[in-house]
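Keep in mind that the numbers below use all heavy atoms, side chains included, and drop hydrogens, waters and symmetry copies. Letters A, B, ... are given to chains in the order of the sequence lines, protein chains preceding strands, and every chain is numbered from 1.
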Number of protein chains: 2
Amino acid sequence: MKTTQPLPATETRAALPALTERLRRRSRKVTGQRLAVLDVLRRHAQPLTIKEVFARLDGRNCDLATIYRSIHLLEEMGMVRRFNFGDGGDRFELVPENDQRHHHHLVCIECSAVVRIHECFPAELEERVARANRFKAVTHRLDFFGVCPRCQ
Amino acid sequence: MKTTQPLPATETRAALPALTERLRRRSRKVTGQRLAVLDVLRRHAQPLTIKEVFARLDGRNCDLATIYRSIHLLEEMGMVRRFNFGDGGDRFELVPENDQRHHHHLVCIECSAVVRIHECFPAELEERVARANRFKAVTHRLDFFGVCPRCQ
DNA sequence: ATCGCTGCAAAAATTTTGCAGGTAA
DNA sequence: TTACCTGCAAAATTTTTGCAGCGAT
């Protein structure tokens, strides 16, 4: 159903060769199904649910169970990151190889469109939170929700 | 199995009478099961999963389906708030009647203990995020994760 | 008496697992 | 070859729903 869109040359997300390299490094096999999953994630700025990945793979037949297994493997390898915006299932996003930069999301509560945000919670405040509660290794999750221009 | 703990007189969370009042106002019935669910939530500082609520209700028999239905109703009425810390299922917390104060959580990644946090993402930064992306009615979700003193 | 609520059981939806055959390295 | 993977089907979870009877108001 869905034809794959051309990828702009200026594409900043990890290229497939680099991804396969990451798999090989851990002696995991580079299979057609995994490449397909990676490719789907790579071509979308927005985190996708398992079902969305499955839908986009329609044609290149790949079992749902395989997608679950692939995503879990990729997540465990740190190549994919999991999000939950409270709008249904978990969503997954490819972690760029050279841009592991911590970022956040601004999500439209109407259409689930996602914008990547680089504003971040001030480090000193985070430290204060950690110290005040004697927690170690504190990180945070920050997401913004609102209505996007198209849905207003 | 679990006996209910005594509630300190200084308890700041909404008292049951106030809660029943909220139900009546909307012409929803005040049933034993709903009171039991509210009571469980009220007695715990930490957001609980459906299964945890069910486990604590053991004895006062209440069907799992009823808990799902109660929680959904209470959530829809704004008496209960849903969270997802990525540590399994969704968690639910009672929204105090007179303290709707927006707050966040600091969650232990080992034992899931939760501390309520009042540090908040700076409003001006949030506005900047909204403006920069032309989103309206922007809110945020902010959670901290780390290792609590007991688990270190 | 009315309308909503509950338990039970069945259905639906989501995720995981076993296994035999297939494939990358 | 030797691991590792995959599809398929079954199982395990989690959540929702239909329905007849019960209960709050």
Quiz item: Listed by chain and number, what are the side chain to side chain contact (heavy atoms under 4.5 Å, CB included) partners of Ala132(B), not counting sequence neighbours?
Solution: none
Practice problem: Report yes if at least one side-chain N or O of Gln33(A) is closer than 4.0 Å to OP1 or OP2 of dT23(C); otherwise report no. | Solution: no
Exercise. Measure the distance from CD1 on Ile67(B) to C1' on dG7(C) and round it to the nearest whole Å.
Key: 12 Å
Please tabulate the protein-to-nucleotide N/O contacts below 3.5 Å involving nucleotides 12-15 of chain D, giving atom names and distances.
unit_1	atom_1	unit_2	atom_2	d
dT14(D)	OP1	Lys51(B)	NZ	3.4
dT14(D)	OP2	Lys51(B)	NZ	3.2
dT15(D)	OP2	Tyr68(B)	OH	2.3
dT15(D)	O5'	Tyr68(B)	OH	3.2

Practice problem: Encode nucleotides 18-25 of chain D as B, S and - characters from 5' to 3', where the letter depends on protein heavy atoms closer than 4.0 Å: B to the base, S only to sugar-phosphate, - to neither. | Solution: B----BBS
Self-check item: Salt-bridge present (Glu93(B), Arg116(B); N to O < 4.0 Å)
Solution: yes
Quiz prompt | ring pair (Phe, Tyr, Trp, His ring centres under 6.0 Å) contacts touching residues 63-92 of chain B (sequence neighbours left out) | solution = Phe83(B)-Phe85(B), Phe83(B)-His105(B), Phe85(B)-His105(B)
Quiz item: Once you round it to whole Å, what is the distance between P of dT17(C) and CG of Asp63(A)?
Solution: 15 Å
Quiz item: For Arg28(B), what residues pass the side chain to side chain contact (heavy atoms under 4.5 Å, CB included) criterion, not counting sequence neighbours?
Solution: Leu23(B), Arg26(B), Arg34(B), Leu73(B), Met77(B)
Self-check item: Gap between atoms CE and P, on Met77(A) and dC4(D) respectively (whole Å)
Solution: 13 Å
Exercise. Please name all residues satisfying side-chain hydrogen bond (donor to acceptor under 3.5 Å, both in side chains) with Glu75(A), sequence neighbours left out, ordered by chain then number.
Key: Arg82(A)
Practice problem: Nearest whole angstrom, please: distance from the C1' of dC5(C) to the CG of Leu38(B). | Solution: 15 Å
Quiz prompt | Test side-chain hydrogen bond (donor to acceptor under 3.5 Å, both in side chains) applied to Gln33(B) - qualifying residues, sequence neighbours left out | solution = none
Quiz item: Phe54(A) has an atom CZ; how far is it from atom P of dT15(C), in whole Å?
Solution: 13 Å
Quiz item: Once you round it to whole Å, what is the distance between P of dC5(C) and CG of Asn61(B)?
Solution: 19 Å
Quiz item: Between atom CZ in Arg91(A) and atom P in dT15(C), what is the gap in whole Å?
Solution: 12 Å
Quiz item: Under the side-chain hydrogen bond (donor to acceptor under 3.5 Å, both in side chains) test, which residues partner Ser112(B), sequence neighbours left out?
Solution: Asp87(B)
Exercise. Report the end-to-end axis angle of the helix from dA1(C)-dT25(D) to dA25(C)-dT1(D); each axis comes from five terminal pairs, and the value is rounded to 10°.
Key: 40°
Quiz item: CZ of Arg26(B) versus C1' of dC3(C): gap in Å, rounded?
Solution: 18 Å
Exercise. Can you sort out the partners of Cys111(B) under side chain to side chain contact (heavy atoms under 4.5 Å, CB included), two or more places apart, ordered by chain and number?
Key: Cys108(B), Ala113(B), Cys148(B), Cys151(B)
Quiz item: Who pairs with Asp63(B) by side-chain hydrogen bond (donor to acceptor under 3.5 Å, both in side chains), at least two apart in sequence or on another chain?
Solution: none
Quiz prompt | Modelled atom types, side-chain donor and acceptor of Glu119(B) and His104(B), under 3.5 Å | solution = no
Quiz item: Among all residues two or more places apart in sequence or in another chain, which pass the side chain to side chain contact (heavy atoms under 4.5 Å, CB included) test with Phe54(B)?
Solution: Leu64(B), Ile67(B)
